[in-house]
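Shown next, in structure tokens, is the structure this report addresses.
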2 protein chains.
Amino acid sequence: MTDFNPLALENQLCFPLYAASKEITRRYKPFLDPLGLTYTQYVAMMVLWEQDGITVGELGSKLYLDSATLTPLLKRLEAHGFVRRERSHEDERAVIVTLTDEGRALRERALEVPYCMAGCLEISPEDATELKMLLEKLLRSIA
Amino acid sequence: MTDFNPLALENQLCFPLYAASKEITRRYKPFLDPLGLTYTQYVAMMVLWEQDGITVGELGSKLYLDSATLTPLLKRLEAHGFVRRERSHEDERAVIVTLTDEGRALRERALEVPYCMAGCLEISPEDATELKMLLEKLLRSIA
DNA sequence: CGCAATACAATCGCGCGCGATTAACTAGCG
DNA sequence: CGCTAGTTAATCGCGCGCGATTGTATTGCG
């Protein structure tokens, strides 16, 4: 029997996950730079394009991020004129995030990003579907 | 035909990749904290446990990290007494990273980490193998 | 009603992650 | 041999990512 090294990088599941995530985020950069968005800001905007006027907490639960990350990020998006941040009148603890006209308009320019990325990632549709399914399964089991 | 929204979070491949990577790194924390390592420091140590005395550049190519990340990280590992950083005599541009006795000894304590994580991730061996294979395939195609 | 428990966002501190630049060194070509 | 082009780490600046704490608002229980 060959000796198995549990601390070898090749025997890790999590390392390729970590490395692939970083590399892909880097691949997004040239497509997102012209929009003035980072990757995290981009996914935050995706949530808002689907569901405008949600709270910081709701946004965070969809993105797996907390207010320590989101508050400064949303302030930057606000400074860029893409969103507004306002205390809820019903519940003064909550902060509602709303798209501005400029933020809504940005969606049109962002529409091509997924297609640019699809052309950039050399992965078959079958592998992509399988990978997405496995990642979501993993995510459900731990998050 | 149903209308497909390319900017919906559920239609992204990269988002579950990004989210799962973050969540898993977080799961490592309680196991790595007692060793005094972050996740990135842990994978750097894994490389050194396999191949001691490599340069910053070689380490970076294995971890997909550059010197801007590694230099301060290695300084912290040096401050903790796990590694030494010395200019190569053959090539004064290169910096050789070497394990200290303490750094080598840490491997024994780290050996249980992969087993703790395996017990913590609810994923079947078949899914894990398939996921790892797909991630490495993706990584090879883009990095 | 009053007060303790809970919920929510903001803040703080530290460690990445990386594009861009800088500085030191080496290689290689004429 | 000298000079330029290339290589290697280090540094800088900014934006996350998150555990921990803080302050305010709400809820719920007696």
Side-chain angles (χ1 to χ4, degrees), chain A residues 15 18-45 54-61 63-80 83 85-97 143, chain B residues 15 18-33 35-45 54-61 63-80 83-97 143:
Chain A
F15 177 70
Y18 158 82
S21 175
K22 276 190 303 137
E23 290 303 314
I24 289 202
T25 302
R26 187 177 355 218
R27 289 305 182 100
Y28 268 99
K29 195 174 184 334
F31 303 122
L32 294 178
D33 273 348
L35 306 183
L37 294 176
T38 64
Y39 179 74
T40 311
Q41 290 168 5
Y42 169 66
V43 291
M45 291 299 286
I54 60 175
T55 67
V56 173
E58 286 165 342
L59 188 56
S61 75
L63 299 176
Y64 304 88
L65 292 171
D66 68 1
S67 67
T69 299
L70 284 177
T71 297
L73 182 146
L74 291 169
K75 283 183 179 176
R76 280 186 284 271
L77 285 178
E78 189 175 41
H80 278 72
V83 305
R85 296 162 58 248
E86 294 158 319
R87 286 273 159 196
S88 164
H89 296 304
E90 291 79 43
D91 185 342
E92 287 286 339
R93 291 170 302 184
V95 167
I96 309 287
V97 185
Chain B
F15 176 71
Y18 158 83
S21 175
K22 275 190 304 135
E23 290 304 314
I24 289 204
T25 301
R26 188 177 354 219
R27 288 305 182 101
Y28 269 99
K29 195 175 184 336
F31 303 122
L32 294 179
D33 273 349
L35 305 184
L37 294 176
T38 65
Y39 179 75
T40 311
Q41 290 168 5
Y42 169 67
V43 292
M45 290 299 287
I54 60 176
T55 67
V56 173
E58 286 165 341
L59 189 56
S61 75
L63 299 177
Y64 304 89
L65 292 171
D66 68 1
S67 66
T69 299
L70 284 177
T71 296
L73 181 146
L74 290 169
K75 283 182 178 176
R76 281 185 284 271
L77 286 178
E78 190 175 40
H80 278 72
V83 305
R84 271 186 301 274
R85 295 163 59 248
E86 296 159 317
R87 287 275 160 193
S88 163
H89 297 306
E90 291 78 44
D91 185 343
E92 286 286 337
R93 289 170 302 185
V95 167
I96 308 288
V97 185

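When reading the values below, keep in mind they use all heavy atoms of this one structure, side chains included, and skip hydrogens, waters and symmetry mates. Note that the coordinates shown come from a computational prediction; the quantities given were computed from them, not determined experimentally. Quick note on labels: first sequence line is chain A, next is B, and so on, each numbered from 1.
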Taking all heavy atoms of B:L77 and all of B:M45, pick out the closest pair and write down the distance. CD1-SD, 4.1 Å
Please compare A:R76 and A:D91 by the position of their nearest nucleotide in DNA chain D and report the one closer to 5'. A:R76
Quick check: on DNA chain D, is the nucleotide nearest A:S67 upstream (toward 5') of the one nearest A:H89, or the reverse? Name the residue that is more 5'.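 Here A:S67 is the residue nearer the 5' end.
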Only one of B:V56, B:T71, B:I96 forms a side-chain contact (heavy atoms from CB on, under 4.5 Å) with B:R85, so which one is it? B:T71
Whole-Å distance between [N] [atom2] and [X] [atom1]?
{"X": "A:E90", "N": "C:dC8", "atom1": "CD", "atom2": "C1'", "result": "15 Å"}
{"X": "A:D66", "N": "C:dA10", "atom1": "CG", "atom2": "C1'", "result": "11 Å"}
{"X": "B:K75", "N": "D:dC12", "atom1": "NZ", "atom2": "C1'", "result": "12 Å"}
{"X": "B:L73", "N": "C:dC14", "atom1": "CG", "atom2": "C1'", "result": "13 Å"}
{"X": "B:L37", "N": "C:dG15", "atom1": "CG", "atom2": "C1'", "result": "13 Å"}
{"X": "B:R87", "N": "C:dC25", "atom1": "CZ", "atom2": "C1'", "result": "9 Å"}
{"X": "A:M45", "N": "D:dC16", "atom1": "CE", "atom2": "P", "result": "13 Å"}
{"X": "A:R27", "N": "C:dG19", "atom1": "CZ", "atom2": "P", "result": "11 Å"}

Taking side chain as C-beta onward, heavy atoms only, is A:T38 less than 4.5 Å from A:T25? no
Heavy-atom side-chain proximity of A:F31 to A:Y39 below 4.5 angstrom: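 SC-SC contact between A:F31 and A:Y39 ruled out.
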Quiz question: going by heavy-atom distance under 3.5 Å, is there a donor-acceptor pair between the base of D:dT24 and the side chain of A:R93? no
For B:K75 and B:E78, what are the C-alpha separation, side-chain angles and deciding distance, and is it a salt bridge (Lys or Arg N to Asp or Glu O under 4.0 Å)? CA-CA 5 Å; B:K75 283 182 178 176; B:E78 190 175 40; over 6 Å; no
Select base, sugar-phosphate, or nothing to describe what [X] touches, counting heavy atoms under 4.0 Å on all strands.
{"X": "B:T55", "value": "sugar-phosphate"}
{"X": "B:L65", "value": "sugar-phosphate"}
{"X": "B:L70", "value": "nothing"}
{"X": "B:A94", "value": "sugar-phosphate"}
{"X": "B:T69", "value": "base"}

Starting at the 5' end of DNA chain C, which residue's closest nucleotide do you reach first, A:V56 or B:T38? A:V56
What's the closest nucleotide to the side chain of [X] if the choices are [options]?
{"X": "A:Q41", "options": "C:dT26, C:dG17, D:dG15", "result": "D:dG15"}
{"X": "B:Y18", "options": "C:dA9, C:dG15, D:dG17", "result": "D:dG17"}
{"X": "A:K22", "options": "C:dA10, D:dA10, C:dG17", "result": "C:dG17"}

Is the shortest side-chain N/O distance from A:T25 to OP1 or OP2 of C:dG17 below 4.0 Å? no
Residue-phosphate contact under 4.0 Å: B:R26 side-chain N/O, D:dC18 OP1/OP2: yes
Could you label the plane-to-plane angle of the A:Y42 and A:Y28 rings as parallel, tilted or perpendicular, counting under 30° as parallel and over 60° as perpendicular?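 The rings of A:Y42 and A:Y28 sit tilted, inter-plane angle from 30° to 60°.
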